[in-house]
Structure formats: C-alpha cells, structure tokens
Amino acid sequence: MTAVPFGRGVRIAGTGRAVPAEELTNKDLEKIVDTSDEWIQQRTGIKARRRANDSETVFSLGRDALLKALAHSGINASDLDMIIVASVSGEMICPSTAARISEAVGADEAAVFDLAAACSGFLYGMNLADTMIRCGRAKNIAVIGVEVLTRLVDWSDRSVSIIFGDGAGAAIFTADPDPSKGCIHQTMHGDGRLWRTLYHPKLDRDVPAGDEANPIRLGHLRMHGREIYKFAVTRFQEAIREALDATGMKVDDVQQYICHQSNIRIIESAIEKLQLPADRVYINIDRYGNTSAASIPICLDELLEAKTIGPGKPIILVAFGAGVTWASCVWNM
Ligand code: COA
C-alpha cells in the first residue's frame, strides 16, 4: 500500500513516553533463568529492560505517555478527534484501552479503538492518522504504542523472557497547511501464514497442530525465534529499500532511521547490507529491550527531546512484528 501526498499536511505536535520504574538488568535475569549477560548482549544487544509493577498497566502507562504528549503539543485533550492505542497486552479486551484512556485525560469526544498489529502497531496507527488527517476526516489524532509484555512471558523460557520489556510512547498528530509535511510514503504489510511464529495461546484449542510439543505453558507467549529472525531481517531491509526507491532518496538523504528495536543484529544487518549511515540509525534496545508497539514512539520521543531530529531531510520509520506484520513510513518533519 503506497500513499502519495494529497490534501493537507500533517505534523507531529508533541510526543511523550512513560516507562516503569523498575530496571531489570541481564544480571538480574541470570538469577531467574538459565542465561548470561554475555549471551544476551551478544545475541540481542540488550543490557536491561523495564518491568511493570502491579500498579503499572497498559492503561496507566499509555495514559501517562499521552498526558506528556498533550502537554508538549499544546493541544487540549478535548480537541482530540481520535485516540488509537496500539497494543497486544491490554488488561481488558472490552472496552478498549483507548476508551478508558480517553476518559482519564478528558478526551470526551474522541473516537476510540485499539489496534493489534504487535510491534508494527504504532506505525500502522501513525499511517492511519496521517491519512485520516490529510484527507480532512480528522484534525487531531493521538496514537499510543504501549505494552506490558513481561506479564505474558514465562520466566522459565529463556528464549522469550530475555527479549521483552515494558513501556509506552505517544504522539499527537495534527493538521498543517503545508501539504509537504507529514507522511510522503507509507506501507502496511501482513502475512497471516506466519502467525504461528509468535502467539499467545490461552487454551489448548489455541495451540496449532504441530506445536503441542512446545513445552511453554498456556497463557504465555510462544515464539519461534529463528523463524522470526529470518523473516525480520529480510522484510526489514526490503521495507527500507522500498521507502528509499519510492521517494527517490539515497541512504544519505535521510536525517534519521527509526527502527523497531527487536534485536541489534537485525538492525546491524540492515546497516551493513544497505550501507546505512550508522550514526543516523537510532538504538535504545540496550536500555529497554523489545517493547513491541512502544518501541518506535519511545525512540521518536527521545530523539525529539534531544533535538536530534527536526525540520529538514525526511526520517524513515520501519517496524515488523507478530501476525506477521511489517510497516514503514517516510515522514517530513
Ligand atoms: N541464554 C543462553 N542461551 C540461550 C538463550 C538464553 N537466553 N536462549 C537460547 N539459548 C541457547 C539455545 O538453547 C541454543 O543452545 P544449543 O545450541 O545448545 O541448542 C543456542 O542458545 C542458540 O539458540 P537459538 O534460539 O538458535 O538462538 P538465536 O541466535 O536464534 O537467538 C533469539 C535467539 C530469540 C535472540 C533470536 O532468534 C531472535 O532475536 N529472534 C527474533 C525475535 C524477535 O524479534 N521477536 C519479536 C518479534 S518483533
């Protein structure tokens, strides 16, 4: 799916992030599961991740990230037309987390829904927000990426428990009279044939034929890491190449690459294969682990806070995740 710029422009009015206070280092994990700091760092690039306590939830982290984004944006919650919460770990399926957040922040008129595209969720939401605003159907849209995946992992499963971390990031998108601002290219992809590579079975009937021998307990994430790794390396590079080709840019024409933080080796492989300028590829997986839908908006918020990104050359955002899904966005600040 490719969108050419049409209608009015879109800008990011403000961003925010909220992460749990507890930092769980690889050394802490060594006490919980049979692993080592050295193995985790070498295979994933992760040194630590944040873990939610009992009172920190998808709702509370998402709300806090949105409140910060609203404060930075200067836009009133009551002027939000829509709140999209990208998450696969919400406390309740009904109502949506977005509904509860809208009440908490006073966005009484906003359309509210949750979006389950796993680690691609925030980019799916950002692409939808840009399109809705660009064509005049909405003026202000909040997109929140938030996960508490540490509640879904089996801590005895060392291939999964070492990867994920908790957190939230939010962005407020708003209409801008300059049509060149906002998304100049976007893709949203899926391949449902690969859903079995990462899923969350609650009952026996959820477990697909052939995976019964997998010893991970029900109620916890099951992941076939190697298969996801292969899919991610390929699609990730394809998505960046496609974004560059579609916009006629060379790798140096991009001010910043914001990649889903899933494994440092997947990002490094793209840097090497596509000859990306490494100093313009943002990395924070060492501090947060893989926060799924929260990964991209946390990166975005840190980069804006540090004033590393701003008006000028476009940025490219790329993500992939369970489903499987993958998405990209080329954005003019
Ligand atoms: N600590 C120590 N050893 C571990 C380990 C851990 N946490 N996890 C696995 N191992 C061991 C395995 O038992 C295996 O040992 P063996 O060779 O004696 O059998 C060995 O390390 C290699 O295991 P493997 O699963 O092949 O490792 P890997 O290099 O593929 O790395 C992942 C595992 C999970 C880090 C990697 O596959 C990955 O990052 N996949 C993508 C995951 C992802 O992105 N998921 C989210 C989607 S957005």
Side-chain angles (χ1 to χ4, degrees), residues 24-49 86-89 115-124 145-150 152-167 188-192 194-200 211 213-216 220-239 258-270 283-286 288-299 317-328:
L24 191 70
T25 65
N26 294 347
K27 286 279 176 204
D28 296 327
L29 273 178
E30 285 178 0
K31 295 175 203 141
I32 302 174
V33 65
D34 180 17
T35 189
S36 71
D37 177 34
E38 191 191 359
W39 192 96
I40 300 172
Q41 284 205 47
Q42 267 181 12
R43 298 290 180 119
T44 68
I46 300 168
K47 294 180 183 165
R49 73 285 293 142
S87 183
V88 289
S89 52
L115 190 164
C119 309
S120 311
F122 181 83
L123 268 195
Y124 268 45
V146 50
E147 304 286 7
V148 178
L149 286 172
T150 62
L152 303 190
V153 302
D154 176 347
W155 288 99
S156 67
D157 177 2
R158 64 181 182 173
S159 67
V160 177
S161 56
I162 56 137
I163 286 184
F164 294 110
D166 303 332
M188 290 189 271
H189 295 289
D191 184 348
L194 295 179
W195 72 263
R196 294 164 189 80
T197 52
L198 177 55
Y199 65 103
H200 181 231
D211 216 21
N214 191 335
I216 310 311
H220 296 94
L221 289 169
R222 289 185 187 215
M223 183 173 81
H224 296 275
R226 282 221 167 156
E227 285 172 50
I228 296 191
Y229 189 90
K230 277 189 250 158
F231 140 74
V233 163
T234 312
R235 295 304 192 185
F236 194 59
Q237 292 174 22
E238 264 177 30
I258 304 180
C259 307
H260 169 48
Q261 308 286 305
S262 93
N263 185 320
I264 191 108
R265 290 186 292 145
I266 294 172
I267 299 174
E268 282 173 352
S269 156
I283 308 278
N284 65 11
I285 191 171
D286 51 326
Y288 296 121
N290 179 345
T291 57
S292 188
S295 145
I296 296 263
I298 289 176
C299 290
L317 307 99
V318 195
F320 55 88
V324 294
T325 56
W326 64 106
S328 69

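Throughout, numbering of the chain's residues begins at 1 and tracks the sequence. We count ligands from 1, going down the list as the structure has it; atoms in each ligand are counted the same way.
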* Are there protein heavy-atom neighbours of atom 7 (N) of ligand 1 below 4.0 Å? -> yes
* Structure fact -> atom 10 (N) of ligand 1 has as its nearest protein heavy atom W39 CZ2, 3.4 Å
* Report the part of I40 (side chain from C-beta onward, or backbone N, CA, C, O) that has a heavy atom under 4.0 Å from ligand 1; answer both or neither where that applies. => neither
* Nearest non-hydrogen protein atom, atom 47 (C) of ligand 1 -> I228 CG2, 3.8 Å
* In the protein, which heavy atom is nearest to atom 39 (O) of ligand 1, and how far is it? -> N263 ND2, 2.7 Å
* To do: Could you list the atoms of ligand 1 found under 4.0 angstrom from a heavy atom of C119?
  => 48 (S)
* Specify whether the nearest protein heavy atom to atom 29 (O) of ligand 1 is under 4.0 angstrom away. => yes
* Asked: For atom 1 (N) of ligand 1, what's the nearest protein heavy atom and its distance?
  -> T35 OG1, 2.7 Å
* Going through the distances and angles, do H189 and R235 end up as a side-chain contact (heavy atoms from CB on, under 4.5 Å)? -> CA-CA 10 Å; H189 295 289; R235 295 304 192 185; over 6 Å; no
* Asked: Considering all protein heavy atoms, does one lie under 4.0 Å from atom 20 (C) of ligand 1?
  -> no
* Non-hydrogen atom of S159 closer than 4.0 Å to ligand 1 -> yes
* Contact bool for atom 32 (C) of ligand 1 (protein heavy atom, d < 4.0 Å) -> no
* To do: State which residue, out of T25, N26, D166, fulfils the side-chain hydrogen bond (donor to acceptor under 3.5 Å, both in side chains) condition with R49.
  => N26
* Asked: Please walk me through it: do C259 and F236 pass side-chain contact (heavy atoms from CB on, under 4.5 Å)?
  -> CA-CA 9 Å; C259 307; F236 194 59; 3.3 Å; yes
* Can you tell me if S120 uses its side chain to pair, donor with acceptor, with the backbone of T325 under 3.5 Å? -> yes
* Asked: How does T44 reach ligand 1, by side chain, by backbone, by both or by neither, if only non-hydrogen atoms under 4.0 Å count?
  -> side chain
* **Lys/Arg N to Asp/Glu carboxylate O, K27 vs E30, below 4.0 Å** => yes
* Report, in ascending order of atom number, the atoms of ligand 1 lying under 4.0 Å from any heavy atom of M223. => 34 (C), 42 (C), 45 (N)
* Polar proximity ligand 1 side, R158 side, N/O cut 3.5 Å exclusive -> yes
* To do: Report the C-alpha separation of E147 and S87 in whole Å, then their side-chain angles, then the decisive distance to 0.1 Å, and conclude whether the side-chain hydrogen bond (donor to acceptor under 3.5 Å, both in side chains) test is met.
  => CA-CA 6 Å; E147 304 286 7; S87 183; 3.2 Å; yes
* side-chain contact (heavy atoms from CB on, under 4.5 Å) evaluation trace for T197 with F231 -> CA-CA 10 Å; T197 52; F231 140 74; over 6 Å; no
* Asked: Between CD1 of I162 and CG of D157, what distance do you get to the nearest 0.5 Å?
  -> 9.5 Å
* **Donor-acceptor pair between N290 and S262 side chains, under 3.5 angstrom** => no
* Asked: How far is atom 41 (C) of ligand 1 from its nearest protein heavy atom, and which residue and atom is that?
  -> G225 O, 3.5 Å
* Asked: Shortest non-hydrogen contact from N263 to I285?
  -> N-CD1, 3.5 Å
* Name all residues meeting the side chain to side chain contact (heavy atoms under 4.5 Å, CB included) criterion together with A322; count only those two or more places apart in sequence or in a different chain, and write none if there are none. => A118, L198
* Structure fact -> If you scan protein heavy atoms around atom 27 (O) of ligand 1, the nearest is R43 NH1, 3.5 Å
* Asked: In the protein, what heavy atom is nearest to atom 46 (C) of ligand 1, and what distance, to one decimal place, separates them?
  -> N290 ND2, 3.5 Å
* Under-4.0 Å protein heavy-atom contact, atom 14 (C) of ligand 1 -> no
* To do: Using distance alone, decide if ligand 1 has a nitrogen or oxygen within less than 3.5 Å of any nitrogen or oxygen in H260.
  => no
* To do: Test Q261 against every option in D286, I283, T44, I298 by the side-chain contact (heavy atoms from CB on, under 4.5 Å) rule and name the one that passes.
  => I283
* To do: Would you mind reporting whether F122 and L317 have side-chain heavy atoms less than 4.5 Å apart?
  => no
* Does S36 reach ligand 1 with a nitrogen or oxygen that is under 3.5 Å from one of the ligand's nitrogen or oxygen atoms? -> no
* Closest to atom 44 (O) of ligand 1 among A293, S292, S262 (heavy-atom distance) -> S262
* Asked: How does I163 reach ligand 1, by side chain, by backbone, by both or by neither, if only non-hydrogen atoms under 4.0 Å count?
  -> side chain
* To do: Salt-bridge test for R265 and E268: reply yes if a basic N is under 4.0 Å from a carboxylate O, no otherwise.
  => no
* Structure fact -> Of all protein heavy atoms, the one nearest atom 26 (O) of ligand 1 is R226 NE, 2.7 Å
